[in-house]
**Student:** 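One structure coming up, written as structure tokens, with questions to follow.
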Amino acid sequence: MLFNSYFFIFIFLPVAWLGYFALNKYKMVDLAKSWLLGCSLFFYGYYNPSYLPLILVSILVNHAITTQLQNDKNERHKTSLFYFSLCFNLGLLGYFKYMNFFLDNFSALTTIHLEPLKIILPLGISFYTLQQVAYLIDVYQGVAGEKRFIDYALFVTFFPYLLSGPIGHYSEIMPQFESLRAKVFNYRNVALGLFVFTIGLSKKVLIADTLSGWVSDGYLHPEKLHFFHAWGTSLSYTFQLYFDFSGYSDMAIGLGLLFNIKIPQNFNSPFRAGNINDFWARWHMTLSLFIRTYIFTPLVKCMPKTTFGYSMIAMFLAMTIAGIWHGAAWTFVIYGMLHGLAIVIHYYWKKRKKKVNYFLAWLVTFNFVNFTFIIFRSRTLTEAKHVVMGMLGLQGFQFPKMGISFINKLGAKMGPYMSNDQNLQLIIIIVSFILIFKAQNTSELQESFKPRKRLAVLTACMFVICLFGLNRVSEFIYFNF
């Protein structure tokens, strides 16, 4: 089920919301949690019911293991059980997400041809696996503990963040469900939740979905992209990805607030970053926290020595793993490696205490991110190569006709006048830059939020405008990861 669908907005959400608060009103707290768990499982299975058995098995096994980890006093048994549970979770993820990638590469490297398996990638498996792995590690380290199945299952499946995050931690999500304030209707949270949800819906419907058509057209024949068309395609995808994913995160946060649950922030104006490290501190923040806590830190501890050099090796490996997490293709591997290398270079530069003009630092960072998103979007490295060649003018340098005679004197080729469609693309790219740099981000708007009639009317108008765009319902990009 999609957040940006009529069924979700007008049927599922009101039923789930009213049922939850009605049961809490009559002090049926566990029944209210069960209701919300049932709604979340229905939400997950609505698209394809065959996904349900896997997530249920994952939840049952992980809950049984974490319960045993809390009760077992034998450290040796606990360690064995912990590593078994890691293998179980990563094994499920590896089979469904990476098995065919492994078979393809094995066939390419050997004379043995292996047919790909008919595997359907379950929605959200990357996110609910990471969430459970994080909880598993916290339980093993003794910083988290919970024995009630209903609470654990609700933590994993809570529908606002189930499919694409933000990635939450048990210690920050479930105590909110236990709070008395979370069980009572809160007018301010409802107003704020609808406001934030509408911002996210606007990002998705009005910007990301509009840009998606130009991105698809550009990547359909990347070998034909000339200079301006290639730049338009790459920038369109960068902004499509940002507004699509941050829009989803905003909607998830807004939906959480409707239930009096504060879901962690996932974006903080990432394209304002002046270096690549700052970018990752602002982009997909919950994933960045997971990488730092559960991948980078253990890798550092595994190194022979705790030195700057070994820390940089750990950082490079952690970012490579983050790239692989996004998908089973060499493009994602290279994407992660490039970001790992960029972060290492940044830290070496910082260690030498070299200062760079902010605008120049921002320009380098933004273009690096834009370049790596080309690899991220491309199905093959050849496709990415053609887009980059187009951006460098190696596939043509065609100026649109603008009535400027000196361009002809330079010998450059003049193309046709820009179509209305191309004009609209340029306008949306410019508007995207303005929004990114001049407008308050969603977190800042939340902090300054005050329920007022004028703001309510503006939110309602934006919501109605978005409703007209729901006839072209599209999935969120991160559903594929």
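What you see is a predicted model, and the numbers here were worked out from it, not measured in a lab.
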**Student:** Within the side chain of Asn266, is there an N or O that forms a donor-acceptor pair under 3.5 Å with the backbone of Met285?
**Tutor:**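 Pair found, side chain donor or acceptor close to backbone of Met285.
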
**Student:** Which value, rounded to the nearest 0.5 Å, describes the distance between Ile120 atom CD1 and Leu54 atom CG?
**Tutor:** 12.0 Å

**Student:** Ignoring hydrogens, what is the shortest heavy-atom contact between Phe463 and Thr198? Give both atom names and the distance.
**Tutor:**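 Closest approach of Phe463 to Thr198: N-CG2, 3.8 Å.
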
**Student:** Measure the shortest side-chain to side-chain distance between Ile65 and Leu69 over non-hydrogen atoms and say whether it is less than 4.5 angstrom.
**Tutor:**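 The answer is yes; the side chains approach within 4.5 Å.
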
**Student:** With a 3.5 Å distance limit and no angle check, can you tell me whether Glu447 reaches the backbone of Glu444 through a side-chain donor-acceptor pair?
**Tutor:** no

**Student:** Mind checking the CZ-OG spacing from Phe3 to Ser164? Nearest 0.5 Å is all I need.
**Tutor:**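 Reported value, rounded in 0.5 Å steps: 8.0 Å.
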
**Student:** Applying salt bridge (charged side-chain N to carboxylate O under 4.0 Å, His left out), which residue pairs with at least one partner in residues 13-28 are found, sequence neighbours left out?
**Tutor:**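 Non-adjacent pairs meeting salt bridge (charged side-chain N to carboxylate O under 4.0 Å, His left out): zero.
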
**Student:** Does Leu194 have any side chain to side chain contact (heavy atoms under 4.5 Å, CB included) partners at least two apart in sequence or in another chain, and if so, which?
**Tutor:**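 Leu194 satisfies side chain to side chain contact (heavy atoms under 4.5 Å, CB included) with Val190, Leu258 once adjacent residues are dropped.
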
**Student:** May I have the step-by-step check of salt bridge (charged side-chain N to carboxylate O under 4.0 Å, His left out) for Lys33 and Glu178, ending in yes or no?
**Tutor:** CA-CA 10 Å; Lys33 288 180 181 179; Glu178 299 303 321; 2.3 Å; yes

**Student:** Assess whether side-chain contact (heavy atoms from CB on, under 4.5 Å) is satisfied between Ile137 and Phe82, documenting all intermediate values.
**Tutor:** CA-CA 8 Å; Ile137 295 172; Phe82 170 70; 4.0 Å; yes

**Student:** How far apart are the closest heavy atoms of Leu225 and Ala230, and which atoms are they?
**Tutor:** CB-CB, 3.9 Å

**Student:** I want to know whether Phe12 and Trp17 have ring centres closer than 6.0 Å.
**Tutor:** no

**Student:** Please check: side-chain N/O of Thr293 versus main-chain N/O of Phe290, any donor-acceptor pairing under 3.5 Å?
**Tutor:**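 Pair absent, no side-chain N/O of Thr293 close to backbone of Phe290.
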
**Student:** Please tabulate, one pair per line, all N/O donor-acceptor pairs under 3.5 Å involving side-chain atoms of residues 364-376, not counting sequence neighbours.
**Tutor:**
from: Thr365; atom 1: OG1; to: Gly274; atom 2: O; distance (Å): 3.3
from: Thr365; atom 1: OG1; to: Asn275; atom 2: N; distance (Å): 3.4
from: Thr365; atom 1: OG1; to: Ala361; atom 2: O; distance (Å): 2.8
from: Asn367; atom 1: ND2; to: Leu363; atom 2: O; distance (Å): 2.8
from: Asn370; atom 1: OD1; to: Thr238; atom 2: OG1; distance (Å): 2.5
from: Asn370; atom 1: ND2; to: Ser234; atom 2: OG; distance (Å): 3.3
from: Thr372; atom 1: OG1; to: His339; atom 2: NE2; distance (Å): 2.9
from: Thr372; atom 1: OG1; to: Phe368; atom 2: O; distance (Å): 3.2
from: Thr372; atom 1: OG1; to: Val369; atom 2: O; distance (Å): 2.9

**Student:** Tell me whether the count of non-hydrogen atoms from other residues, nucleotides or ligands lying under 6.0 Å of CH2 in Trp330 goes above 12.
**Tutor:**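 For Trp330, atom CH2 is not crowded (no more than 12 foreign heavy atoms under 6.0 Å).
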
**Student:** Given 3.5 Å as the limit, does a donor-acceptor pair link the side chain of Asp244 with the main chain of Lys204, or not?
**Tutor:**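 Absent.
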
**Student:** State, to 0.1 Å, how close Ala32 and Tyr20 come at their nearest heavy-atom pair, and which atoms those are.
**Tutor:** O-CD1, 3.5 Å

**Student:** Verify side-chain hydrogen bond (donor to acceptor under 3.5 Å, both in side chains) between Ser50 and Asn48, making sure each step is shown before the conclusion.
**Tutor:** CA-CA 5 Å; Ser50 65; Asn48 190 338; 2.6 Å; yes

**Student:** Just how far is it from atom CG of Leu470 to atom OG of Ser5, taken to the nearest 0.5 Å?
**Tutor:**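 Answer rounded to 0.5 Å: 7.5 Å.
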
**Student:** Using side-chain hydrogen bond (donor to acceptor under 3.5 Å, both in side chains), reason through Tyr170 and Gln131 one step at a time and then give a plain yes or no.
**Tutor:** CA-CA 8 Å; Tyr170 190 95; Gln131 196 143 293; over 6 Å; no

**Student:** How long is the gap from CZ on Phe243 to CD1 on Ile428, to the nearest 0.5 Å?
**Tutor:** 10.5 Å

**Student:** Show, in sequence, the C-alpha distance, side-chain angles and deciding distance for Asn189 and Asn260, and conclude whether the side-chain hydrogen bond (donor to acceptor under 3.5 Å, both in side chains) test is met.
**Tutor:** CA-CA 6 Å; Asn189 278 351; Asn260 297 323; 2.9 Å; yes

**Student:** Donor-acceptor pair, distance only, cut-off 3.5 Å: does the side chain of Trp35 make one with the backbone of Ala16?
**Tutor:** yes

**Student:** Between Tyr128 and Asn89, does a side-chain hydrogen bond (donor to acceptor under 3.5 Å, both in side chains) hold up when you go through it step by step?
**Tutor:** CA-CA 10 Å; Tyr128 69 69; Asn89 283 286; over 6 Å; no

**Student:** Which is it for Asn24 and Leu31 under the side-chain contact (heavy atoms from CB on, under 4.5 Å) test, yes or no, and what are the steps along the way?
**Tutor:** CA-CA 8 Å; Asn24 273 313; Leu31 192 57; over 6 Å; no

**Student:** Pick out which of Phe271, Tyr237, Phe433 makes a ring-ring contact (aromatic ring centres under 6.0 Å, His included) with Tyr242.
**Tutor:** Phe271

**Student:** If you take all heavy atoms of Ile263 and Gly256, which pair is closest and at what distance?
**Tutor:**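 Taking every non-hydrogen atom into account, CD1-CA, 3.9 Å.
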
**Student:** Please check this pair: side chain of Tyr219 against backbone of Val387, looking for a donor-acceptor N/O pair closer than 3.5 Å.
**Tutor:** no

**Student:** Measure the CE-CG distance between Met1 and Leu162 for me, rounded to the nearest 0.5 Å.
**Tutor:**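 Met1 CE to Leu162 CG: 11.5 Å, rounded to 0.5 Å.
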
**Student:** Could you check whether the rings of Phe259 and Phe21 sit parallel, tilted or perpendicular, using 30° and 60° as the cut-offs?
**Tutor:** parallel

**Student:** Using a cut-off of 6.0 Å, state whether more than 12 heavy atoms not belonging to Tyr358 lie near its atom OH.
**Tutor:** yes

**Student:** Can the positive tip of Lys351 be found less than 6.0 Å from the middle of the six-membered ring of Phe308, inside 45° of the ring normal?
**Tutor:** yes

**Student:** What is the minimum heavy-atom distance between Met174 and Leu154, and which atoms define it?
**Tutor:** CE-CD2, 4.5 Å

**Student:** Under a 3.5 Å distance rule, please check whether Ser432 uses its side chain to pair with a backbone N or O of Phe239 as donor and acceptor.
**Tutor:**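 No, the answer is negative, given that no donor and acceptor are paired below the 3.5 Å cut-off.
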
**Student:** Which residue pairs pass the salt bridge (charged side-chain N to carboxylate O under 4.0 Å, His left out) test when at least one of the two sits in residues 263-280, sequence neighbours left out?
**Tutor:**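 As it turns out, the salt bridge (charged side-chain N to carboxylate O under 4.0 Å, His left out) pairs with a partner in residues 263-280, which skip direct neighbours, are Asp278-Arg282.
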
**Student:** Any salt bridge (charged side-chain N to carboxylate O under 4.0 Å, His left out) involving residues 245-271? Give me the pairs, sequence neighbours left out, ordered by first then second residue.
**Tutor:** Lys203-Asp250

**Student:** Could you check Lys301 against Thr297 for side-chain contact (heavy atoms from CB on, under 4.5 Å), going step by step and ending with a plain yes or no?
**Tutor:** CA-CA 6 Å; Lys301 291 179 180 179; Thr297 301; 3.8 Å; yes

**Student:** Just by distance, do the side chain of Ser58 and the backbone of Ile55 share a donor-acceptor pair under 3.5 Å?
**Tutor:**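 Side chain of Ser58 to backbone of Ile55, a donor-acceptor pair under 3.5 Å: no, none is there.
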
**Student:** How far does CZ of Phe158 sit from SG of Cys39, to the nearest 0.5 angstrom?
**Tutor:** 10.5 Å

**Student:** More than 12 non-hydrogen atoms from neighbouring residues, nucleotides or ligands closer than 6.0 Å to OH on Tyr47, yes or no?
**Tutor:**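 Check fails, neighbour count at 12 or below.
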
**Student:** Considering non-hydrogen atoms only, spot the tightest contact between Pro451 and Arg188 and give its length.
**Tutor:**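 Scanning both residues completely, I find the closest heavy atoms to be CG-CG, 4.4 Å.
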
**Student:** Indicate, with yes or no, if the rings of Phe42 and Phe159 have centres closer together than 6.0 Å.
**Tutor:** no

**Student:** So, do Phe245 and Phe267 have ring centers that fall under 6.0 Å from each other?
**Tutor:** yes

**Student:** Could you check whether any side-chain N or O of Tyr6 sits under 3.5 Å from a backbone N or O of Leu467, counting only pairs where one atom can act as donor and the other as acceptor?
**Tutor:** yes

**Student:** Determine yes or no for a side-chain-to-main-chain donor-acceptor pair under 3.5 angstrom, with Asn4 supplying the side chain and Leu201 the backbone.
**Tutor:**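 Here the side-chain-to-backbone pair does not exist.
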
**Student:** For residues 313-328, please give each side-chain donor-acceptor pair under 3.5 Å, one per line with the distance, not counting sequence neighbours.
**Tutor:**
from: Thr320; atom 1: OG1; to: Phe316; atom 2: O; distance (Å): 2.8
from: His326; atom 1: ND1; to: Ala322; atom 2: O; distance (Å): 2.8
from: His326; atom 1: NE2; to: Tyr478; atom 2: OH; distance (Å): 3.0

